[in-house]
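Just so it is clear, the structure is predicted and the values come from calculations on it, not from any experiment. Within every chain, numbering begins at 1; the chains are lettered A, B, ... in the order of the sequence lines, protein sequences first and strands thereafter.
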Amino acid sequence: MPEATQSALPTERRGVPRPVMGLAAVACIAVQFPGSLWLSGLALALWLALLLVGDRPALARLWLPRFWLLTLAFALGSGLLLGPRVGHDLFGVMSREGLRAGLLMVVRGAFIFALASWASRTLTQEELQRSFRRVGLARLGSALGVALRLLPELQVRLRGPAAGGAERGLRRLREKLVGLVTESARLAETLATTAPRRSPMSRRVAAVTGAPRTGKTTMVGAIVEKLATRGLEAAGVVQLAQLDGGRTVGYELRAVPGGEKHALARRRAGVAPSGLGFDFDDEGWRWARHRIGEARRSRPLVVVDELGKLEAAGQGHLPALEDEIVGEPPGVFLVAVRAECAEAIGERLGGFALVLPTGSDDEAIEAFAADVQALAHSRRAQEAQG
Amino acid sequence: MPAASPADRLWSQAAAFGALWGSLEITLGSFLHSLRLPFAGVLLASTGTLLLVAARQILPRRGSTLAVGAVAALCKSISPGGVILGPMIGIASEALLVELVLMPAPRARASAAIAGALAALWAASQKLVTQVIFFGGGVLSLYLALLRRARDWLGLPAEAGWWALTALLTVIVLVGAAGGLLGRSVGHEADRRLASARQAPPVLEAPRA
């Protein structure tokens with residue numbers, strides 16, 4: 001087995017639960033803040049006792065006689081070289097104050113060493129990656145996962161044959177470095193261009209696509225109703241056009257469920273109806289983002305209507321969909337997408353799992369709703385499997 | 001093939017170069033430490049800076065160096081052997097220093113040299129800085145007292161110690177700067193090769209008979 005994967009194996013069962021050990025570690029660190037030798041000694045003794053009960057292999061790793069002899073010599077040396085000497089000091093040559101400072105160093109050093117010995121055994125690689133996802137650093141976790149998979153191969157390549165004579169060797173070394181860096185950059189490019197398919201949103205989005213005013217919102221509403229009867233409750237926002245004599249004069253957001261309203265955009269005076277001639281209200285986007293975030297935390301189905309030119313450029317509702325949410329339960333998205341922007345938005349979201357064009361008949365809508373339900377089930381099953 | 005977003009490019013580069021640096025730390029680092037070579041950390045820091053500066057020539061984007069450092073430090077966490085916290089802190093600190101220095105002018109020679117020099121100086125002094133943080137300023141007094149004793153025993157003049165220290169720091173700075181400059185040169189060459197590969201005309205297939 002390659003070295004890189006050995007420590008990824010789960011560690012054996014231990015006597016003291018990990019949260020208890022973690023809390024004890026924090027308490028032991030806190031106790032040492034005043035800088036008292038006795039308190040630091042107490043913290044070290046407590047931690048060693050916990051290791052004795054909870055993680056004996058970590059304790060065994062502290063058996064380094066040469067290291068401890070050296071640190072003890074360090075403490076004695078500080079007693080000899082540092083601090084004021086008074087008549088009643090030890091052996092007449094050693095400063096009590098200097099010795100105390102040296103012993104404090106040794107005790108604190110031993111504690112930190114013992115703490116690191118436990119921590120390095122306790123956190124496995126899979127747990128680290130999962131932890132990154134939990135604290136919203138999913139991208140770092142993914143990058144780490146990719147890097148760890150590359151490690152064994154890179155280690156083999158780095159152990160390649162050494163170069164020959166002096167000058168030629170230096171040139172060959174530079175050439176080898178250029179080759180390594182070029183290959184790494186190529187690898188990075190490949191990883192980057194395939195990344196959208198591995199996006200966190202990938203295989204989570206069902207899209208209803210169509211041109212403006214072809215019934216996307218109506219169709220989304222119908223699907224939401226069908227899914228509600230099957231026990232899949234939805235939440236999110238829909239964006240309704242405000243019409244005046246057949247002309248769109250603004251957009252209004254409406255919360256699902258509840259129907260709470262919020263203004264989003266008004267047409268600019270004197271601007272041709274190009275589709276982007278609107279003044280958007282930042283407060284409206286914030287309101288929608290908050291609603292979408294709440295929906296992602298609480299519901300298995302998140303509705304966002306609609307995604308268009310702004311979202312194709314990475315703006316509008318898109319940041320709300322890309323937000324990394326700590327502890328987000330497995331869910332799926334039902335979005336209404338303008339047909340002309342569907343390809344660009346699909347790329348940004350890692351591809352649509354399901355697509356239903358407007359104008360589809362009832363049978364197709366029914367089948368689409370069933371597919372969305374199946375998608376939600378499979379997401380839950382995948383998450384449960386880890 | 002879809003165009004990658006800037007964030008995807010940054011994290012993909014972090015994965016590729018972080019793995020490369022992590023591998024170097026695990027293989028070369030373990031080797032140098034097992035030889036108990038003095039200033040092995042300086043050599044490793046110089047090599048790390050070489051990679052960081054080279055990567056920054058290819059993707060001169062803010063934060064990319066820090067991301068590479070974060071991945072490499074975490075890769076080091078799986079290194080076999082007892083003490084990993086120190087090297088992990090070292091890698092992360094070196095990446096932070098290089099990121100800060102390269103921020104204003106990522107492709108300048110001076111930036112590369114300064115970044116390398118600072119990373120090497122940090123590697124040389126990390127142990128001392130960590131001891132001061134953990135144990136307080138008393139450690140410095142202890143070391144200075146030991147050096148004074150040694151100087152007295154050897155019968156050296158008072159200023160000899162400062163000359164020795166200056167010479168040592170100069171060597172460390174030169175080793176680090178050389179790593180940074182080599183990294184810049186390697187990165188430029190790699191970038192040139194990548195650009196020419198992108199611009200190369202497509203190979204035409206021979207017509208079928």
Side-chain angles (χ1 to χ4, degrees), chain A residues 3-8 35 61 64 74 77-78 81-82 101-102 104-105 108-109 112-113 116-117 119-120 123 125 128 139-140 142-151 154-155 157-159 174 177-182 184-196 199 314 347-348, chain B residues 1-5 7-20 22-24 26-28 50-51 54-55 57-59 67 70-72 74-75 77-80 82-86 131 134-136 138-139 141-142 145-146 148-149 182-183 185-187 189-191 193-194 197:
Chain A
E3 285 173 346
T5 55
Q6 274 177 354
S7 59
R61 282 171 61 174
L64 298 164
F74 203 72
S78 68
L81 295 163
L82 291 177
L104 187 63
M105 270 191 264
R108 283 185 169 180
I112 289 161
F113 200 5
S117 175
S120 65
L123 292 171
Q125 220 49 59
L128 274 175
R139 280 189 182 271
L140 177 58
S142 305
L144 178 63
V146 173
L148 291 172
R149 285 200 297 277
L150 293 173
L151 270 180
L154 284 168
Q155 286 193 55
R157 292 169 94 178
L158 287 171
R159 284 173 177 156
R174 185 179 177 276
L177 284 169
V178 171
L180 266 176
V181 169
T182 311
S184 300
R186 276 200 191 116
L187 184 65
E189 275 179 10
T190 312
L191 290 171
T193 46
T194 53
S199 149
E347 273 180 19
R348 285 189 175 274
Chain B
M1 193 178 274
S5 73
D8 284 333
R9 286 199 71 195
L10 187 146
W11 286 107
S12 302
Q13 196 192 40
F17 282 92
L20 188 59
S23 300
L24 269 172
I26 293 169
T27 51
L28 188 66
L50 189 156
L51 285 179
Q57 307 308 303
I58 296 162
L59 184 66
V71 173
L74 291 164
C75 285
S77 72
I78 59 152
S79 176
V83 183
I84 50 164
L85 204 61
Q131 282 177 355
F134 284 144
F135 307 129
V139 175
S141 311
L142 180 65
L146 281 170
R148 275 191 211 104
R149 283 276 167 111
L182 182 59
S185 149
V186 165
E189 177 60 22
D191 197 30
R193 286 184 193 181
L194 288 166

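- Per-residue heavy-atom pair counts under 4.5 Å with chain A were compared for B:Gly187, B:Ala72, B:Ser185, B:Gly183, and the maximum is reached by B:Ser185.
- With sequence neighbours left out, the salt bridge (Lys or Arg N to Asp or Glu O under 4.0 Å) criterion links B:Arg148 to no other residue.
- For the options B:Val186, B:Leu51, B:Asp191, heavy-atom pairs under 4.5 Å to chain A are most numerous at B:Val186.
- Using a 4.5 Å cut-off between heavy atoms, B:Leu59 makes no contact with chain A at all.
- Side-chain atoms of B:Gln13 do not come within 3.5 Å of backbone N or O of A:Ala185 as any donor-acceptor pair.
- Separating the CD atom in B:Gln57 from the CG atom in B:Leu194 is a distance of 12.5 Å, to the nearest 0.5 Å.
- Here A:Leu187 pairs with A:Leu150, A:Leu191, B:Ala16 under the side-chain contact (heavy atoms from CB on, under 4.5 Å) rule; sequence neighbours left out.
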